[in-house]
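First comes the structure, then the notes that go with it.
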Amino acid sequence: MKNLLITGGAGFIGSNFVTYMLNNYTTYQVVVYDKLTYAGNLDNLLSVADDPRYRFVKGDICDATAVAQAIRQYEIDTIINFAAETHVDRSIMDPDAFIQTSVYGTYVLLEATKRFGLERFHQISTDEVYGHIPPGYSSKETDKLDPRSPYAASKASADLMVNAYFVTYGLPVTITRGSNNIGPYQYPEKVVPLFATNAIDGEPLPVYGDGRQMREYQYVLDHCEAIDLVLHQGALGEVYNIGTGVEIENMRMVEILLDELGAPRSLIRHVADRPGHDRRYSLDIGKIRALGWEPRHTAEEAIRLTARWYRENEWWWRKIKSGDFLAYYQAQYGRRLAEAPTTAG
Ligand code: NAD
Ligand code: TYD
């Protein structure tokens, strides 16, 4: 493993992973292959832009010719696939691109892995493929997939395809299923950066429903370390859950965030819930722990670090929270906020 193609590497987790790998492996070459959708952003990669071991290729993973050209040109031996449409609310509004990228695009990358005899294909997946998890249980890698949003279904489809290529063609694949990541460079449609930036501006925080849904918020660099471990020590054909093993209620996340930013609880608005909203995700992380990995941050530490990063990096998010984002925000929240009671509930 020395020449990595990191698809979706201009997004949130992918860009953190690129920086992490360049910092930790002096002999690796890293090629970011990214379509630069609304969520892709070369500002995320400014710190490595002048590194001679880094290259950027603008391209779609659904484009088999362009994928093949990048593999040939840069003598790629490993693909790590972060490319996806990633926001559940957008998948409810318009699922098409989710299916194109995660289903067809993953197939294109698997075919390329087979054709060029690559050393490894690694798929970045999510805890959302397991669906809602009742209290008292945590998902194991062998559990049945039960995705309930178009986003989760597109990711589960990709996982099934990756496994099929392992079983049928013996492709050297691995899959990691991460819980909710937070940290630097997360597009502010996701809840923690959305709420942090709204709170900084004194704008309301639209909490879906009662806010008692549970998520396993993990710090993005912890996730990157675990992916690195699976790349180097994971068994082929295997799936590894990555999270903190501890889920918290959204309302608790909101309280920590507001406290860290010194913003008042009166910004909280309970708004109409997301359709089909999964109440709880929870991962059993025993398998990745057995490889020797432990998360370095609790959810609270991750939320505080993330809130501080957004407070200190307005240069990054102010230009995103304009233009198309405002149209999206109005479509997603305009009516919900207009109909919400104005006091914290
Ligand atoms: P993101 O939305 O920030 O970034 C996605 C990146 O993929 C963007 O740079 C985008 O331009 C690129 N992309 C989209 N479609 C593409 C295509 N057809 N071809 C090439 N590039 C394309 O997403 P993220 O939060 O960084 O998530 C990265 C991966 O991790 C995704 O596969 C996601 O499902 C998975 N994941 C995310 C989380 C999370 O909490 N964010 C948790 C678990 C798993
Ligand atoms: P999100 O960041 O969209 O991630 P995911 O849906 O993939 O878990 O949402 C995290 C949680 O926050 C989820 O329970 C939905 C909730 N949420 C809100 O309450 N309000 C919001 O405006 C958003 C975007 C999410």
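Residue numbers run from 1 in the order of the sequence given. In this text the structure is predicted, and so the values were computed from the model without any measurement. Both counts, for ligands and for their atoms, begin at 1 and track the order of listing.
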Original post:
Is the shortest distance from a Lys or Arg side-chain nitrogen in Glu85 or Arg90 to a carboxylate oxygen in the other one below 4.0 Å?
Top reply: no
Original post:
Taking heavy atoms and a distance under 4.0 Å, where does Tyr151 meet ligand 2: side chain, backbone, both or neither?
Top reply: neither
Original post:
So, for His232 and Tyr25, is the gap between ring centers shorter than 6.0 Å?
Top reply: yes
**OP:** Determine whether the side chains of Asp127 and Ser179 contain a donor N or O and an acceptor N or O closer than 3.5 Å.
**Re:** no
Original post:
Relative to ligand 2, is Asn180 under 4.0 angstrom through side chain, backbone, both or neither, heavy atoms considered?
Top reply: side chain
Original post:
For ligand 2, is any non-hydrogen atom under 4.0 Å from Val191's backbone (N, CA, C, O), its side chain (CB onward), both, or neither?
Top reply: both
Original post:
Which heavy-atom pair separates Asn16 from Pro184 by the least distance, and what is that distance?
Top reply: ND2-O, 3.1 Å
**OP:** Quick one, list the residues around ligand 1 where some non-hydrogen atom comes in under 4.0 Å, by chain and residue number.
**Re:** Gly8, Ala10, Gly11, Phe12, Ile13, Asp34, Lys35, Leu36, Thr37, Ala39, Gly40, Gly59, Asp60, Ile61, Phe82, Ala83, Ala84, Thr86, Thr101, Ile124, Ser125, Thr126, Tyr151, Lys155, Gly178, Ser179, Asn180, Asn181, Gln186
Original post:
Considering only heavy atoms of Val207, which atoms of ligand 2 have at least one such atom less than 4.0 Å away?
Top reply: 19 (O)
Original post:
What protein heavy atom sits nearest atom 19 (O) of ligand 2, and how far off is it?
Top reply: Tyr208 N, 2.9 Å
Original post:
Is Arg265 salt-bridged to Asp259, going by a charged N under 4.0 Å from an acidic O?
Top reply: yes
Original post:
Arg215 to ligand 2: N or O pair under 3.5 Å?
Top reply: yes
**OP:** Following the transitive rule for hydrophobic clusters with a side-chain heavy-atom cut-off under 4.5 Å over Ile, Leu, Val, Met, Phe, Trp and Tyr, establish whether Val246 and Met214 coincide in one cluster.
**Re:** no
Original post:
Would Asp222 and Trp293 count as having a side-chain donor-acceptor pair, cut-off 3.5 Å?
Top reply: no
Original post:
Can you name the side-chain contact (heavy atoms from CB on, under 4.5 Å) partners of Lys321, sequence neighbours left out?
Top reply: Pro188, Leu194, Thr197, Asn198, Trp317, Phe325
Original post:
Using heavy atoms and a threshold below 4.0 Å, how should the contact between Glu189 and ligand 2 be classified: side chain, backbone, both, or neither?
Top reply: backbone
